[in-house]
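Notes follow the structure.
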2 protein chains.
Amino acid sequence: MAHDKEPFPAHLNSRWLHYFSQALDAGSIRTASDRLDVEPSVISRQIRQLEQALGVTLVERHGRGVRATEAGGILLDFYRERDVAEQTLLGQLAELDGLQRGHISLAISEGYSDRLMSGVMNDFCARHPQLTVEMNLANVNDVVRQVYEGQAHIGIAYAPRLTPGIESVVSVHQPLCAIVHPGHPLTRLPQPLALDATLEWPLGLVGHGYGIRQLIDAAAIISKRHFHASLVSNSLATLKQYVSSGDGVTFIGRVALLHELRRGQLVALEIDHPVFQEAEAHVIVRRQRPLSPAAKQLLREIVDLWPFGERERVDW
Amino acid sequence: MAHDKEPFPAHLNSRWLHYFSQALDAGSIRTASDRLDVEPSVISRQIRQLEQALGVTLVERHGRGVRATEAGGILLDFYRERDVAEQTLLGQLAELDGLQRGHISLAISEGYSDRLMSGVMNDFCARHPQLTVEMNLANVNDVVRQVYEGQAHIGIAYAPRLTPGIESVVSVHQPLCAIVHPGHPLTRLPQPLALDATLEWPLGLVGHGYGIRQLIDAAAIISKRHFHASLVSNSLATLKQYVSSGDGVTFIGRVALLHELRRGQLVALEIDHPVFQEAEAHVIVRRQRPLSPAAKQLLREIVDLWPFGERERVDW
DNA sequence: GGTTAGTGTTGCTTAAAAAGCAACATCCGA
DNA sequence: TCGGATGTTGCTTTTTAAGCAACACTAACC
């Protein structure tokens with residue numbers, strides 16, 4: 001290139017503008033240098049650099065102090081506006097730090113939303129009205145995927161596939177239970193139920209690839225049994241309807257159908273099998289993802305006020 | 001101070017923001033470093049400095065590239081807006097450099113405005129419609145003062161007091177003439193007129209302190225004559241009226257009353273005296289004042305198309 | 001499951017920019 | 001005319017940014 005310097009550079013050095021504005025505010029370079037506690041030569045040089053970078057004369061070096069030229073006035077106005085915009089930005093960031101602003105996205109497994117809502121979210125949202133909280137209901141796999149891909153900050157899932165990249169913040173034992181309608185013959189057997197007893201009834205199961213299904217498959221392998229699914233669905237609602245309208249059996253954690261249990265529409269029977277007992281619900285986040293202050297706070301409250309049973313393990 | 005760093009600094013370093021935005025645009029620090037042809041460590045460090053200065057995490061260091069956190073997104077939006085504002089500013093400055101915008105203030109002695117208007121200003125204003133040209137008519141002293149105080153960029157004055165701090169860009173001989181009405185007895189005397197001849201008639205003069213008056217006083221001293229002013233006024237219009245309605249005489253440069261001369265309302269008689277012949281009109285500016293490009297261009301055109309007589313001296 | 005190319009990061013050195021210092025030229029008012 | 005004050009210029013020292021190489025780690029790939 002023939003010229004190293006473009007007539008107008010891509011960016012204005014903030015230091016240049018600072019000294020420039022200070023000098024013009026003070027009226028002279030020397031008084032500005034006194035205020036800023038720097039040498040006058042520094043300010044003089046920086047202003048000159050700014051002028052050279054812009055290719056325009058900005059100040060009149062007027063024996064008694066400095067005054068802005070027309071271009072200097074324009075630049076000064078620009079800098080003023082830019083400064084208030086910057087202050088506004090800093091305010092926004094401060095608000096974000098003080099939970100005044102922000103957006104939190106939750107991905108929640110089926111069955112956890114209402115407990116979460118009544119236990120934590122109502123209070124949290126009331127205390128932070130400026131915050132936008134998005135609750136995205138999804139099946140277990142989607143919860144994990146959304147958290148992994150960053151679409152959701154926090155995920156709540158029952159028996160999620162804990163891949164690397166997904167970090168479990170808190171988990172709780174929530175045994176996988178056999179779900180049947182209240183009048184089902186299984187309810188009359190001694191509790192906890194033997195696994196084999198359930199296999200005599202038609203099964204409704206979630207599809208392969210789901211955490212629950214993996215547990216069930218694992219139990220089948222360990223117990224050397226074969227589980228034949230009469231119905232496969234990725235919707236818990238479908239499975240609930242399935243068992244409530246017939247003598248079928250499905251396996252779901254208790255918290256996923258607290259409503260139905262409380263109303264007596266369904267009953268949950270614990271199963272005497274280690275794999276089923278080991279089932280856990282997890283609050284998950286993306287590994288090493290820096291959460292926004294708001295998300296961090298909500299996560300903290302979810303863990304503290306954990307509404308899904310006794311806390312089992314907390315990585316905090 | 002306990003803490004050297006405030007939670008939110010007064011100013012955002014432009015370099016930080018630049019690297020920050022580039023890295024996020026590129027999706028990874030390394031690709032950004034390739035584009036900008038700098039080391040990745042530089043970008044990494046600058047972003048970290050920005051984060052520390054703000055006290056907020058801005059990017060997710062995500063094994064495969066970087067992504068913006070919520071705060072980072074806000075900052076990024078801010079920077080985008082700031083960048084377009086900056087480009088707009090640079091455009092304004094460029095326009096100003098191309099005479100597209102700007103404000104020029106002229107201070108003009110009585111009598112010069114119409115010649116200037118028809119000779120230069122009409123054309124200039126037509127060619128630069130975005131330009132604002134302010135023509136401030138004033139008496140000679142005020143012209144000098146306005147130029148000196150920076151209220152006017154360019155001054156045009158007849159026989160101004162050339163103090164230090166005022167620089168004459170171009171000057172032209174414009175003999176100070178005796179002004180009388182067409183039927184005045186002086187018009188029948190041989191030309192150029194002897195100075196003594198004029199003294200026999202009542203005189204109308206400008207006040208002391210005016211350049212014209214200084215010339216007249218100087219002539220009086222050299223010629224060992226005493227000039228008694230029957231009328232003293234700081235307004236040329238008054239003096240014109242004075243001589244046109246009686247047999248009085250005044251001393252004014254020819255160009256200041258071209259209208260009246262052309263219409264035959266007044267006549268200008270040259271005077272055979274070196275001081276009167278030496279009278280000059282000047283185009284003046286503030287010494288060492290950096291004129292805006294627009295003002296500079298107008299000044300150049302005024303000098304080039306000089307409409308007030310033959311150019312005598314040009315300091316260009 | 002190990003491998004591998006790619007990412008961001010960290011010590012260290014080198015280059016560049018800013019700041020400090022003293023002296024200077026200039027302007028302005030008394 | 002003088003004296004205080006202003007902006008400026010060489011020069012040095014200090015601070016900051018940039019370059020370089022090696023590292024730790026992730027994520028995809030065979």
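Sequence lines set the chain letters: A, B, ... in the order given, protein chains first and strands last, and positions in each chain run from 1. Every heavy atom of this structure was used, including side-chain atoms; hydrogens, water molecules and symmetry mates were not. From a predicted model like this one, the values you see are computed outputs, not experimental measurements.
Comparing the start and finish of the helix from C:dG1-D:dC30 to C:dA30-D:dT1, five pairs each, the helix axis swings through 30°, to the nearest 10 degrees.
Residue B:Gln49 is in sugar-phosphate contact alone, with no base atom involved, counting any heavy-atom pair closer than 4.0 Å across all strands shown.
Legend: side chain to side chain donor-acceptor pair (under 3.5 Å) pairs involving residues 58-68 of chain B, not counting sequence neighbours, sorted by first then second residue: A:Arg286-B:His62, A:Arg289-B:Glu60, B:Glu51-B:Arg61. Listed by first then second residue, pairs satisfying salt bridge (charged side-chain N to carboxylate O under 4.0 Å, His left out) with a partner in residues 153-164 of chain A number zero, not counting sequence neighbours.
Scanning residues 62-77 of chain B for heavy-atom distances under 4.0 Å to DNA chain D yields B:Gly63.
Residues forming a salt bridge (charged side-chain N to carboxylate O under 4.0 Å, His left out) with A:Arg30 (at least two apart in sequence, or on another chain): none. Judged as a side chain to side chain contact (heavy atoms under 4.5 Å, CB included), and not counting sequence neighbours, the contacts of B:Ala26 are B:Thr31, B:Ala32, B:Arg35. Considering only residues two or more places apart in sequence or on other chains, B:Ala68 meets the side chain to side chain contact (heavy atoms under 4.5 Å, CB included) condition with B:Leu24. Residues satisfying the salt bridge (charged side-chain N to carboxylate O under 4.0 Å, His left out) test with B:Arg45, not counting sequence neighbours, are none. Residues satisfying the salt bridge (charged side-chain N to carboxylate O under 4.0 Å, His left out) test with B:Asp34, not counting sequence neighbours, are none. With sequence neighbours left out, the side chain to side chain contact (heavy atoms under 4.5 Å, CB included) criterion links B:Asp77 to no other residue. In this view, B:Tyr79 and A:His11 satisfy the side-chain hydrogen bond (donor to acceptor under 3.5 Å, both in side chains) rule, not counting sequence neighbours.
Among C:dG8, C:dT9, C:dA19, the nucleotide with an atom closest to any side-chain atom of B:Arg30 is C:dG8.
A 4.0 Å heavy-atom criterion places the boundary nucleotides of DNA chain D facing chain A at D:dT6 to D:dA27, written 5' to 3'.
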